Amino acid sequence: MDAGAALSFVFPWNAVPGIFIVIAQTMAGLCSFALARRFLPVRAALFGAACYAANPYALLIVYMRSDFAELLACALMPLVLLRALELCGLVENRHGSLSRAMALFAMAFAGVWLSNAPAGVMATYSAALLFAWAVLAKKSLRPLLCGAGGLALGFGLTSFYLLPAAYEQRWVNIAQALSPGLQPSDNFLYTMVNDPEHNVFNWIASSVAILLMVMTGSRGLRRTEELLGKGKAVRQENCGACYCCFPLRRRF
């Protein structure tokens, strides 16, 4: 990886992985804080940034997979989301001009693509869906046009990588990507195959996935209960107000 190679000019090779992880997770915290700060107070945004930087999947990458390219792409994802929200007008554009917002989105988008190609594909689909949702929410084609311009500019920034990669596809045996042990059916939750190392990793990854789903679901249920409690309190206040008004109507 280019970033790791650059670090090797400054630090010894045995220290590069740890330094790269610190840099990537610090970037993840900063990017997620910038996103959360648009919607939350400072303390809540700091807590959210800490949770994102230390999320279980990031720890799985660090301690098991060592997929540093994906780690860097995950660090940039909140920034891509923030710039996409600004570009399509769903949050305030604090940069003063549409062209600047488009350029910032394109740079963050290109950064994900240059870090990890599968993450770039996910970022592309996610941004396209977000722009489509903005069209429906704002009932205007402007978010779609702005988003298309940002995506085109982002792909232009990565063309020095994407064009040679597209040309060199014929040199790659794509079938190896779905060789035994790498197929989706071999990597479902708690699937066991004839590979002990694969089984250990899949068990850990499955446990992390279940933990994330449970945490997300419990938070969603708690939020639903809070909203239902507020709705019940409002209904009780309305009933009380009506009950107080009826005697006045009888008097007059």
Side-chain angles (χ1 to χ4, degrees), residues 3 18-63 68-98 100-116 119-120 122-131 133-134 137-138 143 146-147 150 154 208-231:
I19 295 172
F20 183 89
I21 290 169
V22 171
I23 293 174
Q25 293 312 101
T26 301
M27 187 182 301
L30 292 174
C31 293
S32 55
F33 177 79
L35 174 62
R37 189 65 185 90
R38 292 297 186 94
F39 308 98
L40 301 172
V42 176
R43 291 185 178 180
L46 284 173
F47 180 74
C51 290
Y52 185 79
N55 73 83
Y57 186 68
L59 299 178
L60 179 68
I61 294 177
V62 170
Y63 290 104
F68 296 147
E70 185 175 344
L71 192 69
L72 184 59
C74 291
L76 294 173
M77 280 294 189
L79 187 61
V80 173
L81 178 57
L82 174 60
R83 299 310 180 200
L85 290 171
E86 292 177 342
L87 182 59
C88 64
L90 292 178
V91 300
E92 179 187 0
N93 179 12
R94 298 179 178 177
H95 306 290
S97 66
L98 178 61
R100 185 175 298 179
M102 188 178 296
L104 292 173
F105 168 77
M107 288 188 290
F109 179 75
V112 172
W113 263 104
L114 295 176
S115 298
N116 185 256
M122 293 177 58
T124 304
Y125 289 142
S126 301
L129 289 174
L130 180 61
F131 296 143
W133 170 255
K138 302 180 79 65
C146 295
V208 169
I210 294 296
L211 176 62
L212 290 175
M213 287 188 286
V214 170
M215 292 172 60
T216 304
S218 61
R219 177 55 185 166
L221 290 175
R222 188 178 306 172
R223 180 60 178 169
T224 303
E225 291 176 356
E226 292 176 357
L227 294 176
L228 292 176
K230 291 179 180 179

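Note that the structure is predicted; figures quoted are calculated from it, not measured.
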Can a donor-acceptor pair be found, under 3.5 Å and without considering hydrogens, that links the side chain of Arg38 to the backbone of Glu92?
yes

Heavy atoms of Ala101 and Leu87 approach each other most closely as C-CD1, 4.2 Å

Steps toward side-chain contact (heavy atoms from CB on, under 4.5 Å) verdict (Leu30, Met27)
CA-CA 5 Å; Leu30 292 174; Met27 187 182 301; 5.7 Å; no

To the closest 0.5 Å, what do you measure between CD1 (Ile61) and SG (Cys74)?
4.5 Å

Which value, rounded to the nearest 0.5 Å, describes the distance between Leu71 atom CG and Tyr57 atom OH?
9.5 Å

Under 6.0 Å from the CZ atom of Phe47, do we count more than 12 heavy atoms belonging to anything else shown?
no

Non-hydrogen atoms of Leu90 and Ala137 that approach each other most closely:
CD2-CB, 4.5 Å

Distance, nearest 0.5 Å, that separates CE of Met102 from CG of Leu104:
11.0 Å

If the plane angle is over 60° it's perpendicular, under 30° parallel, otherwise tilted; pick one for Phe109 and Phe105.
parallel

Looking only at heavy atoms, what is the nearest atom pair of Ala108 and Val80, with distance?
O-CG2, 3.5 Å

What distance do Trp133 atom CH2 and Cys88 atom SG have between them, rounded to the nearest 0.5 Å?
11.5 Å

What one should report as the nearest heavy-atom pair of Pro143 and Lys138 is CG-CD, 3.9 Å

Of all the heavy-atom pairs spanning Phe131 and Gly147, show the shortest one and how long it is.
CE1-CA, 3.3 Å

Heavy-atom closest pair (Ala53 atom, Ala58 atom, distance to 0.1 Å) is O-CB, 4.1 Å

Are Leu130 and Leu85 close enough that some pair of their side-chain heavy atoms sits under 4.5 Å apart?
yes

Rounded distance (nearest 0.5 Å) linking atom CE of Met77 with atom OG of Ser32:
13.5 Å

d(Leu76 CG, Ser115 OG) to nearest 0.5 Å is 5.0 Å

